[in-house]
There are 2 protein chains.
Amino acid sequence: MERSSQLDHTLLALADPTRRRILARLSKGEARVTELAAPLPMSLNAVSKHIKVLERAKLVRRNVRGRDHYLSLDARPLDQAALWIETQRAQWSQRLRKLDELLQEEDRK
Amino acid sequence: MERSSQLDHTLLALADPTRRRILARLSKGEARVTELAAPLPMSLNAVSKHIKVLERAKLVRRNVRGRDHYLSLDARPLDQAALWIETQRAQWSQRLRKLDELLQEEDRK
DNA sequence: CGAACGTTCCACCTTCAGGTTGAATATCGC
DNA sequence: GCGATATTCAACCTGAAGGTGGAACGTTCG
């Protein structure tokens with residue numbers, strides 16, 4: 001019934017340490033699945049699944065060359081996530097500011 | 001076996017539209033559980049659970065006054081999340097810059 | 001061609017997320 | 001004290017997340 005938004009997928013993908021490690025690795029340059037899996041304490045299959053989650057979130061692009069699949073980072077969805085967080089922080093601090101003004105108003109009376 | 005990090009909890013809490021709605025509401029001021037639940041298309045119990053997830057992530061604080069529980073936003077965990085995202089974006093764009101320099105170097109030869 | 005390699009697909013298991021309903025608990029107001 | 005109100009707790013269900021191992025598939029290379 002419910003369509004999951006792009007933002008849902010992005011944040012969900014980021015909410016896992018293994019996937020954040022993969023992204024951190026990819027931010028230094030493209031890599032194959034096996035290369036990404038090598039330092040991780042799990043099966044190649046599990047890593048393959050994590051990559052699929054990252055692809056669903058459009059955080060990672062796949063480039064197949066022969067039998068090798070080269071993964072690379074696409075940082076654009078991060079912009080949307082950062083935007084949401086910044087918006088919340090802005091509204092929050094704005095509210096604090098108004099609250100502060102209100103309290104000073106009280107004091108003057 | 002695995003200890004979940006603060007960042008995991010934060011991002012996981014954010015990766016749900018209902019919880020983001022709750023946070024957006026709270027960024028405009030504190031509210032009781034029932035007030036938060038009113039506009040949401042689910043039972044009060046479900047909302048209570050969502051709030052617990054937000055509390056685990058330390059994004060929300062609870063202030064009990066009589067039978068009413070007043071929830072308020074604590075934006076500090078958002079800073080950590082924003083930091084991680086910004087770090088990734090920085091490394092990613094730095095890599096693109098270096099790649100660009102490299103290509104220009106190639107051209108000059 | 002045939003063996004090795006890189007990756008995915010499939011079947012399975014266990015844990016957890018998100019929702020439900022119904023009962024329990026605590027407080028308020030008459 | 002009693003009924004209404006605010007919230008949680010407990011049990012349960014369904015589906016998805018995250019892991020496993022093994023079979024399948026396409027590609028490379030001797």
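Protein chains get the first letters and strands the later ones, always in sequence-line order, with residue 1 at the start of each.
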Can you find an N or O donor on one side and an acceptor on the other, under 3.5 Å apart, linking the side chain of A:Arg67 with the base of C:dT7? no
When you measure from the side chain of A:Ala46, which nucleotide among D:dA6, D:dA11, D:dG19 comes out closest? D:dG19
Rounded to whole angstroms, how far apart are CG on A:Asp8 and C1' on D:dA17? 15 Å
side-chain N/O B:Arg19 vs C:dG18 OP1/OP2, d < 4.0 Å: yes
Send over the distance from B:Leu71 CG to D:dT7 P, rounded to a whole Å. 9 Å
Verify the contact: side-chain N or O of A:Arg56 to OP1 or OP2 of D:dA17, cut-off strictly under 4.0 Å; return yes or no. yes
Is there a donor and acceptor pair, one atom on the side chain of A:Asn45 and one on the base of D:dG18, closer than 3.5 Å? no
Whole angstrom value for the distance that separates C1' of C:dG22 from NZ of B:Lys49: 13 Å
Does the distance from a Lys or Arg side-chain N to an Asp or Glu carboxylate O, for B:Arg95 and A:Glu30, drop under 4.0 Å? no
note: B:Leu40, atom CG; C:dG18, atom P; distance rounded to Å ~ 14 Å
A:Val33 side chain: which of C:dT7, D:dG18, D:dT7 is closest? C:dT7
Distance in angstrom units between B:Asp68 CG and D:dT8 P, rounded: 11 Å
Shared hydrophobic cluster for B:Leu12 and A:Ile22 (ILVMFWY, side-chain gaps under 4.5 Å): no
Is the NZ or CZ atom of B:Arg62 positioned over B:Tyr70's six-membered ring, under 6.0 angstrom from the centre and within 45° of the axis? no
How many whole angstroms separate atom CG of B:Leu12 from atom C1' of D:dA17? 11 Å
N/O (side chain, B:Ser48) to phosphate O (OP1/OP2, D:dT8) under 4.0 Å: yes
Grab the CG-P distance between B:Leu44 and C:dT20 for me, whole Å please. 10 Å
Give a yes/no on whether any side-chain N or O of B:His69 is located under 4.0 angstrom from OP1 or OP2 of D:dA6. no
Grab the CD1-C1' distance between A:Ile51 and C:dT7 for me, whole Å please. 10 Å
Would you say the side chain of B:Leu14 lies within less than 4.5 Å of the side chain of B:Leu59, judging by non-hydrogen atoms? yes
Partner of B:His50 by side-chain hydrogen bond (donor to acceptor under 3.5 Å, both in side chains), out of B:Glu55, B:Arg19, B:Arg21: B:Arg19
So which nucleotide from C:dT7, D:dA6, D:dT8 ends up closest to the side chain of A:Thr34? C:dT7
Proximity to the side chain of A:Thr18 - top-ranked nucleotide from C:dT21, D:dG19, C:dC9: D:dG19
Taking the nucleotide of DNA chain D with the nearest heavy atom to each, does A:Gly66 or A:Met42 sit closer to the 5' end? A:Met42
